[in-house]
Protein chains: 2
Amino acid sequence: MGEPARGTQAVDRAMRLVATVVRADEPMAFADLFAECGLAKSTTSRLLTALERTELLERDDNGCYVAGPLFWLYAARHDPWDELVRLARPTMEQVGADTRETVNLAVTRGDRVVQVGQVDTQYMLGTRDWTQVEVPAHCSALGKVLYAYRCLPVPRGPLERLTPRSVTDGAALDRQLRQVLRRGWAITVDELEVGLCGVAVPVRGWGGDVIAALGVSGPTPRLEDRIEDIGRLLNDRAGQLTALLDRRTRKEGVA
Amino acid sequence: MGEPARGTQAVDRAMRLVATVVRADEPMAFADLFAECGLAKSTTSRLLTALERTELLERDDNGCYVAGPLFWLYAARHDPWDELVRLARPTMEQVGADTRETVNLAVTRGDRVVQVGQVDTQYMLGTRDWTQVEVPAHCSALGKVLYAYRCLPVPRGPLERLTPRSVTDGAALDRQLRQVLRRGWAITVDELEVGLCGVAVPVRGWGGDVIAALGVSGPTPRLEDRIEDIGRLLNDRAGQLTALLDRRTRKEGVA
DNA sequence: GATTTTGGTTCCACATCATGGAACATCGGG
DNA sequence: CCCGATGTTCCATGATGTGGAACCAAAATC
């Protein structure tokens, strides 16, 4: 095989077992694992027993192997988004360097929109740190993206007016959302705060689902003429991010 | 050491490294790991490299080891509560057998209360499946428990009236919540629906924090006389569940 | 109820693979 | 530039993991 793997046969094999179980994401019978990874039956058994003892794997009621306590512990302590944020950082910094404006990443939590990551503007005047802050979705570009791609339910009923230019009419919002789908980016100009302008695009994950929104925001005068360019730039970068996410979670080839 | 561990030295050692990193829940420098687990420097290095190759661990920008892609993948696919539900199932079934009524498990998601698990009543008449359904917290026993133990913010402002007996006054709710803390269980009688009665208690996790609510509900006529008994029973079972959770996430002794 | 089949664990002689000391890189810092 | 301090690679050695076969258990079949 490509990888030489010096002096770690046992560990490598054990890890292949773990990876197989975790990636399968469903209970795997001994026989499946045995077949899948082509080791001697006795070796497979011994390794699996060791993995069970060390709490990496566990057996369910049917004796099938599933991810063990160590994985739960990790899941219990980490937002699923933690890693998205980490992986997205380079991309966001890239965008920050390109635009010199504040860059934001937002996801849905329950039916709210929450900013989970931010890279600050390089200008003096700019968006302050909004990490972990909920934003009124209908007034923000990030929120509009998440609405448009059905990451959270579009509110019926009247919408809050935050500035004279806020969209408060459901039908008008619908029209905007359709436009977002058509051209691939959402904007907000003076709708959340007077003088604040934002552009955002969807970030897609594993299988093409939209899992987050990536946006740029700053003073309207600096941004409004560049909206199209920024929209295209963001889409570009979001695509790269998707590719990155993909690579991280996909399995390497087997002999 | 207690465990003999025949023929799996390498794997055992590697897993000890993984467990150390994941449990620590913060980047660990090579030196720390090396010290922590008392292996030869070269051995430590070789094992860590293997773990990194196999995506169980990863190095951050400082070269410190952190949980790797396999853990993210797991976290991204599993609600933190999945395991709670799985582990709680036997306990809930126990309660179901004891009371013959519907048993529910609820947690907070964002600032809503969501039912994540249910065991059905053995009577014909009973609570239908509410899994994944949001419940108006101030009218449900589960919700009151989560309010009382500060798992979600107690709403100010007026509360929705769902039945003539719903508590709609903030001060009245506060009084009830204080009572919940005092005696350890919450009740709702005809407050959510006329004829529906519920009892619930807190479920504590690792370090004593309340992480969920466990409750029983059914027709008022069948339950109202048994509320005290059920409250005590639930507390008992919730305690067992906590012990169970504890055991699953705690580390076995080191030499 | 006896017998075969399927599925998994334990045993053990063998040699392969992990081991750890020492040599070797790498990097900061004085 | 020359030092520690920290981490990685080498390599002779033997302890350790290996896999075939025997063994055991449970389910399926007769």
Side-chain angles (χ1 to χ4, degrees), chain A residues 1-22 24 26-69 252 254-255, chain B residues 1-22 24 26-69 252 254-255:
Chain A
M1 226 174 285
E3 303 292 323
R6 322 158 94 81
T8 50
Q9 190 188 75
V11 176
D12 283 343
R13 287 169 163 188
M15 292 313 127
R16 200 146 84 236
L17 290 171
V18 175
T20 306
V21 171
V22 172
E26 55 185 10
M28 291 198 73
F30 177 93
D32 299 340
L33 283 167
F34 171 43
E36 181 95 14
C37 64
L39 301 175
K41 215 160 41 148
S42 53
T43 304
T44 311
S45 177
R46 196 158 15 80
L47 291 177
L48 285 173
T49 309
L51 291 171
E52 199 183 339
R53 253 213 330 278
T54 50
E55 308 202 316
L56 256 107
L57 295 182
E58 204 192 30
R59 317 190 69 159
D60 67 8
D61 323 309
N62 310 318
C64 291
Y65 288 90
V66 295
E252 66 275 27
V254 186
Chain B
M1 227 174 283
E3 304 292 321
R6 315 163 91 80
T8 51
Q9 190 188 74
V11 176
D12 283 344
R13 287 169 164 188
M15 292 314 127
R16 201 147 83 236
L17 289 172
V18 175
T20 306
V21 170
V22 172
E26 55 185 11
M28 289 199 74
F30 177 93
D32 299 340
L33 282 167
F34 171 44
E36 183 93 13
C37 65
L39 301 175
K41 214 161 40 148
S42 52
T43 304
T44 311
S45 177
R46 196 157 16 79
L47 291 177
L48 287 173
T49 308
L51 291 171
E52 198 183 339
R53 250 211 333 276
T54 51
E55 309 203 315
L56 257 108
L57 296 183
E58 205 193 28
R59 317 191 68 159
D60 66 8
D61 323 309
N62 310 317
C64 291
Y65 288 91
V66 296
E252 65 276 28
V254 185

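Atoms considered below: every heavy atom in the structure, side chains included; atoms not considered: hydrogens, waters and symmetry mates. Letters go in sequence order (proteins before strands), and every chain restarts at 1. Keep in mind the model is a prediction, meaning the values are calculated, not measured.
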Checklist outcome for this item: On a heavy-atom basis, the closest approach of B/Val22 and B/Ala67 is CG2-CB, 4.2 Å
Checklist entry - Quick one: bend of the helix from C/dG1-D/dC30 to C/dG30-D/dC1 from 5 pairs per end, to 10°? => result 40°
Next on the checklist: Holding to side-chain contact (heavy atoms from CB on, under 4.5 Å), I want the full list of residues that pass it with B/Ala50, two or more places apart in sequence or in another chain.
Outcome noted: A/Thr8, A/Val11, A/Asp12, B/Arg53
Next on the checklist: Let me spell it out: for each of A/Tyr65 and A/Val11, pick the nucleotide of DNA chain C with the closest heavy atom. Which residue's pick is nearer the 5' end?
Outcome noted: A/Tyr65
Next on the checklist: Could you tell me how far apart A/Asp12 (CG) and D/dG17 (P) are, to the nearest whole angstrom?
Outcome noted: 14 Å
Checklist entry - Taking CE from A/Met15 and C1' from D/dG17, how many angstroms apart are they, rounded to a whole number? => result 15 Å
Item to check | A/Leu33 CG - C/dG7 P separation (whole Å) | outcome: 14 Å
Next on the checklist: Across nucleotides 18-29 of chain D, 5' to 3', mark each nucleotide with B, S or - according to how protein heavy atoms within less than 4.0 Å reach it.
Outcome noted: BBB---------
Next on the checklist: How many whole angstroms separate atom CG of A/Leu51 from atom P of C/dT9?
Outcome noted: 13 Å
Checklist entry - Starting at CZ of B/Phe34 and ending at C1' of D/dT8, how long is that distance when rounded to a whole Å? => result 13 Å
Next on the checklist: If you only use heavy atoms from C-beta on, which nucleotide in D/dT8, C/dG8, D/dG7 is closest to the side chain of B/Ala31?
Outcome noted: D/dG7
Next on the checklist: Out of the candidates B/Leu57, B/Asp32, B/Leu56, only one should pair with B/Val21 under the side-chain contact (heavy atoms from CB on, under 4.5 Å) rule; please name it.
Outcome noted: B/Leu57
Checklist entry - Minimum heavy-atom separation for B/Arg59 to B/Gly63, with atom names? => result NH2-O, 2.9 Å
Checklist entry - Which heavy-atom pair separates B/Ala14 from B/Leu51 by the least distance, and what is that distance? => result O-CD1, 3.6 Å
Next on the checklist: Using the side-chain contact (heavy atoms from CB on, under 4.5 Å) criterion, which residues pair with B/Thr49? Sequence neighbours excluded.
Outcome noted: B/Ser45
Checklist entry - Does the side chain of B/Thr54 reach to within under 4.5 Å of the side chain of A/Arg16, using non-hydrogen atoms? => result no
Item to check | Set of side-chain contact (heavy atoms from CB on, under 4.5 Å) partners for B/Ala31, sequence neighbours left out | outcome: none
Next on the checklist: Just the rounded figure in Å: distance from C1' of D/dG7 to CG of B/Leu57.
Outcome noted: 16 Å
Item to check | B/Pro27 versus B/Val66, closest heavy-atom pair with distance | outcome: CA-CG1, 3.7 Å
Next on the checklist: Measure CG/B/Asn62 against C1'/D/dG7 and give the value in whole Å, please.
Outcome noted: 15 Å
